[in-house]
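Taking it in order: structure first as structure tokens, then the write-up.
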Amino acid sequence: MAPIKKILPSGKKDASFFEQVYAVVALIPFGRVTSYGAIAKFLGTKMSARMVGWALNNAHHLPHVPAHRVVNRNGQLSGKAHFDTPQQMQELLEKEGVVVHNDCIVNFTTVFWDPSKELAIE
DNA sequence: AGGCTGACATCGC
DNA sequence: CGCGATGCCAGCC
């Protein structure tokens, strides 16, 4: 498994699926985005991409989880509606230098941040 | 205790 | 090439 567990806050002996998601999302560099599937795959459960979204749903009410940096495989701001305001997600992304047009990230492949690649697991 | 739901992704037809 | 159905895990009713 990924060393993400090490990144988890000390005290948590068992890393829940969400906590791992929080950790990965929190590690997303400024001006970069990732996809649910990428996180899911990084965690080893690519089929559980839905769970990633569910995790972010919990993460949404958390303080330091940049959920706006997480989009679907299509680069579309699927979860914008779950923010305080639907436009907030795009605003945040644009402030980070990410160009968003029509709820879709422009040059998605360029700003895409692959955890399994950047974090270099194993 | 059992079943539905959920910010997705992928395979199948 | 487009739409439909399935899978996954955990939380909530």
Side-chain angles (χ1 to χ4, degrees):
Chain A
M1 280 296 287
I4 288 299
K5 294 181 180 180
K6 297 178 181 178
I7 308 174
L8 291 174
S10 56
K12 287 291 183 180
K13 40 188 166 186
D14 58 326
S16 300
F17 195 92
F18 326 122
E19 300 190 56
Q20 299 187 44
V21 176
Y22 306 150
V24 176
V25 175
L27 289 174
I28 300 176
F30 184 88
R32 289 287 168 79
V33 296
T34 189
S35 62
Y36 304 97
I39 298 173
K41 177 185 274 188
F42 175 68
L43 296 180
T45 53
K46 64 178 183 184
M47 277 186 183
S48 304
R50 301 171 76 177
M51 260 286 67
V52 179
W54 186 243
L56 285 182
N57 192 14
N58 268 322
H60 173 238
H61 65 77
L62 291 178
H64 296 298
V65 181
H68 63 273
R69 291 180 183 160
V70 185
V71 294
N72 64 1
R73 179 63 182 97
N74 211 17
Q76 186 175 15
L77 284 54
S78 49
K80 60 171 182 156
H82 292 263
F83 280 76
D84 295 341
T85 58
Q87 62 182 18
Q88 186 179 41
M89 188 173 187
Q90 181 173 336
E91 289 292 303
L92 289 169
L93 287 172
E94 290 184 329
K95 287 180 182 185
E96 297 194 358
V98 179
V99 181
V100 180
H101 183 64
N102 193 16
D103 294 338
C104 290
I105 297 177
V106 183
N107 301 329
F108 177 62
T109 51
T110 304
V111 296
F112 179 69
W113 182 77
D114 190 346
S116 60
K117 182 179 180 180
E118 300 298 324
L119 291 179
I121 1 170
E122 186 86 31

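All chains are named by letter (A, B, ...) in the order of the sequence lines, taking the proteins before the strands, and each is independently numbered beginning at 1.
For the pair A:Gln76 CD and B:dC8 P, the interatomic distance rounds to 10 Å; values are reported in whole Å. Between A:Lys80 atom NZ and B:dC8 atom C1' there is a gap of 17 Å when expressed in whole angstrom units. As rounded to whole Å, 16 Å separates atom P of B:dA7 from atom CG of A:Asp84. Atom C1' of nucleotide B:dA7 and atom NE2 of A:His68 are separated by 15 Å, given to the nearest angstrom. Remark: C1' of B:dA7 and OH of A:Tyr22 are 13 Å apart, rounded to the nearest angstrom. The interatomic distance linking A:Leu43 (CG) with C:dC9 (P) rounds to 12 Å, in whole Å. What separates CG of A:Leu56 from C1' of B:dT5 is a distance of 17 Å, to the nearest Å. Put simply, CH2 on A:Trp54 is 11 Å from C1' on B:dC4, counting in whole angstrom units.
Of all nucleotides listed (C:dA10, B:dA7, B:dC8), B:dC8 comes nearest to the side chain of A:Ala49. If you check B:dA7, B:dC8, B:dA9 against the side chain of A:Arg50, the one that comes closest is B:dC8. Side-chain proximity of A:Asn72 to B:dA9, C:dC8, C:dA10: nearest is B:dA9. Side-chain atoms of A:Ala67 lie closest to B:dA7 of the nucleotides B:dC8, B:dA7, B:dA9. Nearest to the side chain of A:Phe18, among B:dC8, C:dC9, C:dG11, sits C:dG11. The A:Arg73 side chain lies nearest to B:dA9 when the options are B:dA7, C:dC8, B:dA9.
Residue-level contact check: A:Ala81 touches neither bases nor backbone, having no heavy atom under 4.0 Å from any strand.
A:Arg69 has a carboxylate O that lies under 4.0 Å from a charged side-chain N of A:Glu96, or vice versa, which qualifies the two as a salt bridge.
In this structure, A:Asn58 and A:Val21 have side chains that are not in contact, with every pair of non-hydrogen atoms separated by 4.5 Å or more. With contacts defined as side-chain heavy-atom distances shorter than 4.5 Å, the pair A:Pro66/A:Val25 qualifies. With contacts defined as side-chain heavy-atom distances shorter than 4.5 Å, the pair A:Met51/A:Phe18 qualifies.
Side-chain atoms of A:His60 come within 3.5 Å of backbone N or O of A:His82 as a donor-acceptor pair.
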